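Worksheet: the structure to be examined is printed underneath.
Scope of the values below: all heavy atoms of this structure, side chains included, with no hydrogens, waters or symmetry mates. Note that the structure is predicted; figures quoted are calculated from it, not measured.
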Amino acid sequence: MSNINRRSVLGLAGAGAAVVVAGAGILGSSDLLQGEAHAADVLNGIDEPKFTELTPFQDPLRVPPTLRPKGTVHIDLVESYQRLHSQLPPTRLWTYQGHFPGPTIEAHGGERFRIAWRNKLKGAIPVKAVWARPDGPGPGLLPYNRPGSEGGLARPEVDRLTAWTSVHLHGGHQNALDDGAADHGVSPGDTQLAEYANDQAAAHLFYHDHAMAVTSLNVAAGLVGNYLVRDPREDRLDLPGGRYEIPLTIQEVNFDTDRQGRLNGQILAKRIIGPHVQPTPAAMPPALASLGPYTTVNGVVWPYLEVEARAYRFRMVNVSNARIYRLVVVDEQTGQVVRNAMRLIGTDLGLLGKPQTIDEALSLSPAERADIVIDFAAFPGRQLTLVNTIPGQTPGAALPDFLIPHPQVMQFRVDRKRHASYALPATLSPAFRKVTAADLPAGTVERFVMLSLDKAGEMPQIWEMQQVPADTQPGDGIVTVQLPDGLKTLRRTGTVFEDTTTFFAASGTWEKWHFISAAPAGVPIYHPMHVHLMDFQVIDRRTVDASGMNFATGRTERPLTLGASLPVAAEEAGWKDTITVHANTIVTVAGKLARQSGRVMYHCHIFDHEDEGMMRPFVVMPPAVHQIHGMVMAMNGAMGAHHATGTHH
């Protein structure tokens with residue numbers, strides 16, 4: 001594998017607050033105390049058996065408690081010990097309110113409340129981080145997909161990290177002051193106060209840490225939780241609810257080992273660097289994004305769930321650092337795929353117009369959500385397994401060469417007593433409409449974002465682009481691309497968060513964004529792109545011929561051209577806030593900005609990528625303010641009459 005290929009593969013409630021807490025199968029306070037006591041025993045040398053391998057489906061799924069805020073509530077960020085598998089010692093975590101994942105926050109549309117996120121975390125981060133080399137000990141090229149540090153180089157800068165946190169409500173409509181901006185972190189002893197308007201349709205959002213440069217580590221440490229918005233229209237559908245509606249928070253994880261190779265329960269972030277790269281205190285080395293070999297669901301490695309033979313609603317979210325999950329249901333008795341078992345009823349930001357049957361597999365990239373119904377009435381007394389796989393491979397088989405050493409995700413154990421089959425409503429959201437390019441209003445702003453590599457071909461980058469005249473002289477950062485409506489000449493205006501802000505937008509208006517991936521041939525890089533404050537739909541996806549791109553000079557020698565149209569999966573066809581852009585493709589999305597405003601962000605949702613620069617700010621203003629701002633910028637001649645807000649069509 002060449003250098004460029006090797007390095008670029010992935011490139012609860014305060015005083016005066018009213019709150020309701022409900023939950024089943026959760027880690028209670030006595031369990032927490034027992035976990036802390038056990039941890040003390042371990043420190044004192046009273047150890048227990050440790051394992052080099054974990055047994056799948058040994059532990060029940062935990063369901064986080066539900067929190068229904070009223071007025072202002074306090075949620076504390078605290079240290080906690082929790083067993084992620086019964087064969088592991090308790091793992092030290094950073095959590096919301098002592099739970100991993102945090103409490104599921106439930107809001108009703110239009111009901112505004114505030115949350116005071118109180119950082120009460122102490123000590124260094126509970127994640128061990130190392131640099132490892134692809135030619136490290138043991139078989140295989142990529143040892144990061146195995147447990148253990150494997151002689152990796154220490155990262156003292158991570159060992160010294162204390163809790164600097166910024167809570168972001170992913171997919172929510174909130175002003176920038178409440179959005180959990182990456183550079184708005186708070187330290188231990190301080191509080192982040194955020195107001196949530198909940199002025200959007202019923203949807204599955206989630207909250208997580210978003211602090212600059214350390215998001216990946218903070219989320220790996222446990223700072224993540226679910227957030228559900230309800231509304232009367234959804235309530236009238238009589239979908240499975242109560243104990244039959246369960247969040248499934250899916251997350252990859254790795255663990256360190258002791259000298260005997262036994263898993264010690266400590267979360268491990270193992271990043272791969274090139275064989276000749278030497279990290280320095282002054283610079284991050286080019287590295288692959290961390291992948292964990294194990295999968296947790298609701299904070300348990302490979303759990304099982306005992307279900308009745310009736311319909312359940314599962315609110316799935318992938319909160320992994322980098323792993324895409326392609327989920328398939330397998331019958332353990334036959335080993336065969338159970339086709340049509342999953343009925344998709346919603347995507348990131350709400351219900352579809354009509355239910356969609358998943359023939360075989362449902363794919364979720366980091367930050368994507370899927371609202372699915374599985375009716376177990378057809379499977380009394382059976383055991384079904386949810387597994388991760390890739391196209392063309394046998395579902396349920398380990399695929400070490402494809403970085404899936406453990407395909408298990410979770411197991412469903414169906415009771416023998418059968419209930420009546422469940423019929424989903426034929427119409428879920430009468431208001432849902434598929435957006436096409438022809439539907440966009442006149443004056444829709446068009447934006448261009450390139451997803452490329454630095455000149456060394458080692459680090460993935462966001463290139464924020466501005467359309468310029470066709471006769472612009474070729475040079476560094478000048479890219480031409482042949483789009484369906486003509487040849488566009490684009491100029492790079494920013495590559496990292498700290499570069500000058502060039503995207504300015506008017507709240508409540510429609511926008512059309514093109515995410516264009518240009519990568520060297522054979523580099524299977526992908527980027528789940530998330531835009532704050534914009535609900536969008538995919539309106540086009542195509543292949544890109546990037547052979548005209550000169551990566552060493554950062555320019556095109558001949559235009560990038562578009563090829564065949566690519567399918568948009570059912571789980572990508574609804575309202576979304578995150579979309580995956582694969583190598584050498586273009587994904588065009590269109591959507592309406594929320595009414596809220598301020599400086600927010602768009603970024604790759606591979607946490608390692610956003611931490612290392614794949615994140616850019618943009619500013620949303622009320623339309624009248626945006627107009628005046630444009631006049632001022634034009635008068636000053638800073639960025640031309642349209643001051644890089646995009647182009648109108």
Going by the rule side chain to side chain donor-acceptor pair (under 3.5 Å), which residues pair with Asn388 if we only count those two or more places apart in sequence or in a different chain?
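Partners of Asn388 under the side chain to side chain donor-acceptor pair (under 3.5 Å) test: none.
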Can you name the residues that form a side chain to side chain donor-acceptor pair (under 3.5 Å) with Asp199, not counting sequence neighbours?
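Partners of Asp199 under the side chain to side chain donor-acceptor pair (under 3.5 Å) test: Arg595, Gln596.
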Identify, with sequence neighbours excluded, every residue that meets ring pair (Phe, Tyr, Trp, His ring centres under 6.0 Å) alongside Phe536.
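None.
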Those residues that, when tested against Tyr325, pass ring pair (Phe, Tyr, Trp, His ring centres under 6.0 Å) (two or more places apart)
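None.
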What is the minimum heavy-atom distance between [X] and [Y], and which atoms define it?
X      : Y      : value
Ala506 : Val620 : C-CG1, 4.3 Å
Asn584 : Ala519 : OD1-N, 2.8 Å
His527 : Pro460 : CE1-CB, 3.7 Å
Gly292 : Arg323 : O-NH2, 2.9 Å
Leu428 : Leu351 : O-CD1, 4.1 Å

Donor-acceptor side-chain pairing of Ser547 and Arg558 below 3.5 angstrom
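Indeed, the side chains of Ser547 and Arg558 share at least one donor-acceptor pair under 3.5 Å.
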Carefully, step by step, assess Ile516 and Trp463 under the rule side chain to side chain contact (heavy atoms under 4.5 Å, CB included).
CA-CA 10 Å; Ile516 307 166; Trp463 293 6; over 6 Å; no
By side-chain contact (heavy atoms from CB on, under 4.5 Å) - contacts of [X] (at least two apart):
X      : value
Thr580 : Ile324, Ser365, Glu368, Tyr526, Pro528, His582
Asp231 : Ala201, Ala202, Arg233, Glu234
Thr472 : Val468, Pro469, Ile478, Thr489
Met212 : Trp164, Ala182, Asp183, Phe497, Met615

Ring geometry between [Y] and [X] (parallel below 30°, tilted from 30 to 60°, perpendicular above 60°):
X      : Y      : answer
His629 : Phe504 : tilted
His170 : Phe206 : parallel
His514 : Phe448 : parallel

State which residues pass salt bridge (Lys or Arg N to Asp or Glu O under 4.0 Å) with [X]; sequence neighbours excluded, sorted by chain then number.
X      : value
Glu610 : none
Asp371 : Arg313, Arg315
Asp359 : Arg339
Asp535 : none

Any donor and acceptor pair, going by atom type alone, linking the side chain of Asp348 with main-chain N or O of Arg369 inside 3.5 Å?
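Indeed, once roles are kept as given, a pair shorter than 3.5 Å links the two residues.
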Using the rule side-chain hydrogen bond (donor to acceptor under 3.5 Å, both in side chains), only one of Glu464, His530, His532, Arg616 pairs with Tyr602; which is it?
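Only one option passes, and that is Glu464.
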As a test of understanding, state which of Asp611, Asn321, Asp209 forms a side-chain hydrogen bond (donor to acceptor under 3.5 Å, both in side chains) with Ser216.
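Testing Ser216 for a side-chain hydrogen bond (donor to acceptor under 3.5 Å, both in side chains) against Asp611, Asn321, Asp209 leaves exactly one candidate, Asn321.
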Are Glu360 and Arg326 ion-paired here, with the side-chain N under 4.0 Å from a carboxylate O?
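Arg326 and Glu360: salt-bridged.
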Working for side chain to side chain contact (heavy atoms under 4.5 Å, CB included), residues Asp476 and Arg555:
CA-CA 5 Å; Asp476 183 14; Arg555 52 175 283 189; 5.8 Å; no
Let me confirm one number: the CD-OG1 distance from Gln482 to Thr561, rounded to the nearest 0.5 Å.
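Gln482 atom CD to Thr561 atom OG1 measures 8.0 Å (nearest 0.5 Å).
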Show the numbers, then the answer: is there a side chain to side chain contact (heavy atoms under 4.5 Å, CB included) between Arg114 and Glu195?
CA-CA 4 Å; Arg114 295 183 177 96; Glu195 182 175 72; 2.9 Å; yes
Sub-4.5 Å side-chain heavy-atom contact between Asn218 and Phe607:
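Asn218 vs Phe607: side chains apart.
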If you define the side chain from C-beta out and look only at heavy atoms, does anything of Thr509 sit under 4.5 Å from Val445?
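Thr509 vs Val445: side chains apart.
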Could you give me the CA-CA distance, side-chain angles and deciding distance for Asp439 and Lys434, then say whether side chain to side chain contact (heavy atoms under 4.5 Å, CB included) is met?
CA-CA 9 Å; Asp439 299 323; Lys434 186 73 185 82; over 6 Å; no
